[in-house]
Number of protein chains: 2
Amino acid sequence: MQQPHRAEDAAPAGPPRPGGARVLVVEDDPTVAEVVSRYLDRAGHAVDRVEDGPTALSRAAVHWPDLVVLDLMLPGMDGLEVCRRLRARAPVPVIMLTARGDEDDRILGLEVGADDYVTKPFSPRELVLRVESVLRRTRPRSDLRPLAAAGLTVDPAARRAAKDGDELALTLREFDLLAFFLRHPGRVFSRADLMREVWGWDFGDLSTVTVHVRRLRGKVEDDPARPRLIRTVWGMGYRFDPEGQAELP
Amino acid sequence: MQQPHRAEDAAPAGPPRPGGARVLVVEDDPTVAEVVSRYLDRAGHAVDRVEDGPTALSRAAVHWPDLVVLDLMLPGMDGLEVCRRLRARAPVPVIMLTARGDEDDRILGLEVGADDYVTKPFSPRELVLRVESVLRRTRPRSDLRPLAAAGLTVDPAARRAAKDGDELALTLREFDLLAFFLRHPGRVFSRADLMREVWGWDFGDLSTVTVHVRRLRGKVEDDPARPRLIRTVWGMGYRFDPEGQAELP
DNA sequence: TGCGCTCCTTACGAAACACGGACGTCGCGC
DNA sequence: GCGCGACGTCCGTGTTTCGTAAGGAGCGCA
């Protein structure tokens, strides 16, 4: 129940798009705040903007963020204090914005438990990358939701997977790949899509994907030579079919 | 059998290939413009090249681009102003070309709302990657919307097609062809039209289209010898008839 | 009816593609 | 140090798909 005294503070921030996160940006310089918000928004995240520490705390109370981008230098309560108080409530991921070469601040920020930091002046693009990197590491509960389809169960929190009740011994990549397929059933993904979504690479040898799909099939499919779950869509990529219909004659 | 190269010139570009976009390149240095255009063209995009701001605006008025590659330093109206004016009309994605280390320009560009920037000197390949990254972020994949007509259903996201509930085993080209017809029911398209829209080729052997239409008919029509869905319009081309009325006697 | 043009049909060679097997490297635990 | 598993890469092979050619059928017109 905070009082939005500034128009900019009242940035509504609806729900994030699928794959996106709710990000709270705490920054008193309106220019920087604007640029950062725009970039994060474009990257598919829902952005809350506030200008000082107290507002940040109250906003977080209303809408707990998946991640906080926090300027170290703030009027009144400084970034470190904000970070501490947020952390006192729950272990939210934090990325600090610090002045260049301000070694002490950097150390301090990391001591308080920032997950990453970016020095000013910074590239907004870099910030977005760091945000997504941190999100990948700290992956919020939506990605920890258990999944199940076609006799397969995947528990991302425990990193366990099973087929018809029997536990599967999957490697890291195989697990991520299977989890991704279960999250997006019935859709075709090109090898490049998978490399981007599962590996996090924008380019690379696409045969890597092929090989990992094969290894995954070897563990998941009844008959790996005739896959029914992870189908090949010729010339396009792969698709996870929960239905698993029989082959056409 | 390699694909014919698209015309790479400074003239107004034709329609982009299916996966490509219409890109407006605003750059006064002819060398840079040439290299950039060539690379984007090779990547399957339709490139419009102009040398200054006013021309960019008028060109955009004629053919609104999917994305703009904009040099920040232009004679007369500078890049920022061009960006502002374009944005005033519609939120087109913009990638800025800036001088290295020109921090102020970079920030300025981002304030105006550039989606990304590349610092000179740059690798043309990197630019292409950024263009496609921005397009991925900004382009709503409306072409993934499911389609249905005349007992046919086509789901581009899953790349599945069915006739009266029975799944059709279509090849890549057949699928794209059918999807195109379903997107444009009741209109006649010449073989050249289809070759351009579905294949993305500006020229080539038109009998290729004929053969693929025949193969598609073989899988889609009740009686391929007397097609009711994909009609031949003599001397014109083909037309998809959702009504599928019987032949006149 | 015959002619010219368009469209259909079939067949074939070649390219593109997916797959399986195997190899080298790296990191980790023993 | 040594062995092992995970991972990324490469190569040979079988299959699918594609584009083109060539002959036959159908349509429109004189």
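Throughout, protein chains are lettered first and strands after them, A, B, ... in sequence-line order, and every chain is numbered starting at 1. Because the structure is predicted, anything quoted here is derived from the model rather than measured.
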Side chain of [X]: nearest nucleotide among [options]?
X      : options               : answer
A/H212 : D/dG26, D/dG8, D/dC18 : D/dG8
A/V211 : C/dT9, D/dC10, D/dT20 : D/dC10
B/T171 : D/dG8, C/dC17, D/dC18 : D/dC18
A/R191 : C/dA18, D/dC7, D/dG19 : C/dA18
B/T232 : D/dT9, D/dA21, C/dC8  : C/dC8
A/R173 : D/dC7, D/dT9, D/dC27  : D/dC7

Rounded off to whole Å, could you give me the [atom1]-to-[atom2] distance for the [X] and [N] pair?
X      : N      : atom1 : atom2 : result
A/F203 : D/dG8  : CZ    : C1'   : 15 Å
B/R226 : D/dC27 : CZ    : P     : 11 Å
A/E174 : D/dG5  : CD    : P     : 13 Å
B/R231 : C/dC7  : CZ    : C1'   : 16 Å
B/L206 : C/dC5  : CG    : P     : 17 Å
A/L177 : D/dC7  : CG    : P     : 11 Å
B/D205 : C/dC8  : CG    : P     : 15 Å
A/F175 : D/dA6  : CZ    : P     : 15 Å

Worksheet entry | Taking every non-hydrogen atom, the tightest pair across B/V233 and B/V188 | CG2-CG2, 3.8 Å
Item to complete: Would you kindly compare A/L170 and A/G204 by the position of their nearest DNA chain D nucleotide and give the one closer to the 5′ end?
Response: A/L170
Worksheet entry | Ring center gap for A/F189 and A/F180 short of 6.0 angstrom | yes
Discussion item. Checking B/D166 now: which residues fulfil side-chain contact (heavy atoms from CB on, under 4.5 Å) with it, not counting sequence neighbours?
Written reply: none
Response to the item:
Hits for side-chain contact (heavy atoms from CB on, under 4.5 Å) against B/P146, two or more places apart or cross-chain, chain-then-number order -> none
Worksheet item: Using a cut-off of 4.0 Å on non-hydrogen atoms, how would the nucleic acid contact of A/Y238 be classed: base, sugar-phosphate, or nothing?
Response: sugar-phosphate
Worksheet item: Hey, does B/T208 reach any base, or is it just sugar-phosphate, or nothing, if we go heavy atoms under 4.0 Å?
Response: base
Fill in: Residues in contact with DNA chain C, drawn from residues 213-221 of chain B - heavy-atom cutoff 4.0 Å
B/R214, B/R215, B/R217
Report yes or no: do [X] and [Y] form a side-chain donor-acceptor pair below 3.5 Å?
X      : Y      : answer
B/R196 : B/S190 : no
A/T232 : A/R217 : yes
A/H184 : A/E197 : no

Worksheet item: Within the structure, does a side-chain N or O atom of B/W199 lie under 4.0 Å from either OP1 or OP2 of D/dG19?
Response: yes
Discussion item. I'd like to know if the side chain of B/E174 reaches the main chain of B/H212, judged simply by a donor and an acceptor atom lying under 3.5 Å from each other, with no hydrogens or angles considered.
Written reply: no
